[in-house]
Structure formats: structure tokens, C-alpha cells
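Have a look at the structure below before the remarks.
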2 protein chains.
Amino acid sequence: MKFDDKIPIYYQIKNYIYREIIVGKLAPGDKLPAVRQLAVDLTVNVNTVQRALSELISEKIIEPQRGKGNFVTEDKDTIEKLKKMLITEQLQDLYENLHKLNVSDEEIVNYLENYINERKQVQS
Amino acid sequence: MKFDDKIPIYYQIKNYIYREIIVGKLAPGDKLPAVRQLAVDLTVNVNTVQRALSELISEKIIEPQRGKGNFVTEDKDTIEKLKKMLITEQLQDLYENLHKLNVSDEEIVNYLENYINERKQVQS
DNA sequence: TATAGTGTAATAGTAAAATATAACACTAGG
DNA sequence: CCTAGTGTTATATTTTACTATTACACTATA
């Protein structure tokens, strides 16, 4: 996995697991890969994985069972709220950062539509 | 100034100066505040400011004049390109991050419009 | 020519993140 | 009971960002 060297790795791992859960690759109740396996897959240290997992545990996104593994919460409501929060965070970042560049509400929407259309053209 | 502790301070300062230039608070040819003054204003160390400025110099956004100060480039085209690049970067981040959450093109636009409308309602 | 204001650079120290490594605690199954 | 697989924790080391401090180089001007 590629990491952005401007952001702590443990934090990027946390977001990676968020996504795995939200897109359903990890369903409610599913067991996560073992920490040592995750460390190998992501080519990072076990402690770094553990730090990411610790935060997910604090947030009740996953539940640890000593000797067994870490399991995705069964509470679908928690997951749904997580998804909404992550989406809102992204929108807020875009909005605030573009406003700091003096881009108006209307322009933000226009720029986004243009961006998406241009992407489609490149693909075709 | 408030800093995000997940991102290097020098990097946030660099982006801060980008913005000052793009919104015109710093016009082409303008002299930047002295490095020591910037350090005081931003409550960081001179070396940290200098690190941000060094990168801006490499990118030809500002030009240093030893003994005089740092000056915003006179090349308006460079600034215009910078603005476009920063906007595109933001759009790309949003797009990629939401796609990783399985949000479709149409949904991205809808979510953004809703987000903006909700902001307006809160303000009124 | 002395001085104040500017950029630039070097040194040493601190803190946080990440690593390598090892050990400990618990569970399941032979 | 033993062993393999799991989470959890601790120690020591390295790297990077940041800081504090000092010094040097250049410019303008009194």
C-alpha cells in the first residue's frame, strides 16, 4: 500500500480500514486479518497496525477478542454514521479549502462538474 | 495560526502563503513579511518558516533578494497556474476519496449541493 | 563607516512516529 | 497439557519535524 509521507501511517491505516468496512469488504461481525498479517500486507510494523486498531477500538468500530481476533462491530447504525461522517468531512475540506482561495459556492459546483466531465472524456 | 497536527507545519505554512498570493493579499512584486516577523506572527521557528519559503523559491513562486526580502513573482501566469493546480488538487482529493467509499459521480455532486444548501440554512 | 533590517545556514536538543525485537496473555484444538 | 494462532505490551533505536540559538552575508541609510 502506498502511503502519503505527509500523514502518519497509523492514521492512513485507520482510514483504510474505515473504507474496507464502509464498502462492505469487511461486513459487520467479520473478523479482521490478524495484526501480524495486516503488518505484512501493508508492509509496516505490528505496533503501527496496533496503534491504528487501538483507535478503531476506542471508537467502537471494531471489537477485540483476546486470543481470537478483531471483529467489525455488529452495530450497522454505527457504520452508517461513520460513512456519513467521512463523506461530510470530505465535503467540508473541499468547501473550506476552496473558499480560502476565494472560490464561490456556485464556482465550486461548476468546477466539480467540469472535473467529473473531463475525467469521463479522458477515459473514453 | 492554527495548525493541523497531522500535517507538517512547514507544509501548512507553504499552503498559507499560496493562498495569500492567490487571493491577492500578496500581489505580484509584493514583498513578503520578513522571515523573523512571519515566525512571530505564526508562532513558529524561523527555520520552519525558511523551510516553507525554500520550497516556494524552488517553485519560482517567490524570489529572494538577499538583504532585501522575499518577493512574490511578477509572473502572473505562474500564479494563475498555481491557482488552477490547487483547485484541481482539491477536486481530485474529494473525487478519489469519495470513490473509495463507493460514492458515484452523481452522488458526489448531489452530496455537495446538499452540503452547500445546508450551510446556507444554518447561517440564516 | 556604522547600524539596523533583511535572508541564510549551522549546531544542538526535543518530541513524535515508526521500526525491530521480544515477551506476555488468551483461545482453540489435537 | 501442549501448541499454534491470536491480541497486547515493552524496550531500544532510527528518522523526521521542530525548536532554540548563534552566526554569517548582504542592503540601505543615517
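Throughout, protein chains are lettered first and strands after them, A, B, ... in sequence-line order, and every chain is numbered starting at 1.
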*To the nearest 0.5 Å, tell me how far A:Lys83 NZ sits from A:Tyr18 OH.*
15.5 Å
*Starting from C1' on D:dC18, measure out to CG on B:Leu42 and report it in whole angstrom.*
14 Å
*Taking the side chain of A:Gln50 as heavy atoms from C-beta outward, which of D:dC18, C:dG7, D:dT8 is closest to it?*
D:dT8
*asked:* Strictly under 4.0 angstrom, non-hydrogen atoms only: write out the protein contact profile of nucleotides 25-30 of chain C, one letter per nucleotide from the 5' end, B, S or -.
replied: BBSS--
*Interatomic distance where CG belongs to A:Leu32 and P belongs to D:dG7 [whole Å]*: 8 Å
*Evaluate whether atom OH of B:Tyr16 has more than 12 neighbouring non-hydrogen atoms of other residues, nucleotides or ligands under 6.0 angstrom away.*
no
_Shortest side-chain distance from A:Lys31, nucleotide among C:dA20, D:dT6, D:dT8_ = D:dT6
_Do the side chains of A:Lys84 and A:Glu89 get close enough for a salt bridge, i.e. N-O under 4.0 angstrom?_
no
*In whole Å, what is the span from the CG atom of B:Leu38 to the P atom of D:dC18?*
15 Å
*D:dT8 C1' sits how many Å from A:Ile62 CD1, rounded?*
13 Å
_Whole angstrom value for the distance that separates C1' of C:dA9 from CG of B:Leu53_ = 14 Å
*Taking only the side-chain nitrogens and oxygens of B:Ser54, find out if one of them lies under 4.0 Å from OP1 or OP2 of C:dT8.*
no
*Does A:Lys100 come within less than 4.0 Å of B:Glu20, counting only side-chain N to carboxylate O?*
no
*Of the nucleotides D:dT8, D:dA17, C:dT8, which one has an atom closest to the side chain of B:Tyr10?*
D:dA17
*Looking at CD of B:Glu59 and OG1 of B:Thr78, how far apart are the two atoms once the value is rounded to the nearest 0.5 Å?*
11.0 Å
*Counting side-chain heavy atoms from C-beta on, which of D:dT8, D:dT19, C:dA17 comes nearest to A:Pro8?*
C:dA17
*Kindly indicate whether the side chain of B:Asn47 and the base of D:dA17 share any N or O donor-acceptor pair separated by less than 3.5 Å?*
no
*Just how far, in rounded Å, is C1' of C:dT6 from CD of B:Glu63?*
17 Å
*asked:* Can you measure A:Asp5 atom CG to C:dA16 atom C1' for me and round it to whole angstrom units?
replied: 15 Å
*What is the distance, rounded to the nearest whole Å, between atom CG of A:Asn70 and atom P of D:dT8?*
6 Å
_Is B:Thr48 close enough to D:dA17 that one of its side-chain N or O atoms is under 4.0 Å from OP1 or OP2 there?_
no
*Under the 3.5 angstrom rule, does the side chain of A:Asp30 hit a backbone N or O of A:Ala27 as a donor-acceptor pair?*
yes
*Name the residue closer to the 5' end of DNA chain C, choosing between B:Val35 and A:Tyr11 according to the nucleotide with the nearest heavy atom.*
B:Val35
*Taking the side chain as C-beta and beyond, is there a heavy-atom pair between B:Val46 and B:Val49 under 4.5 Å?*
no
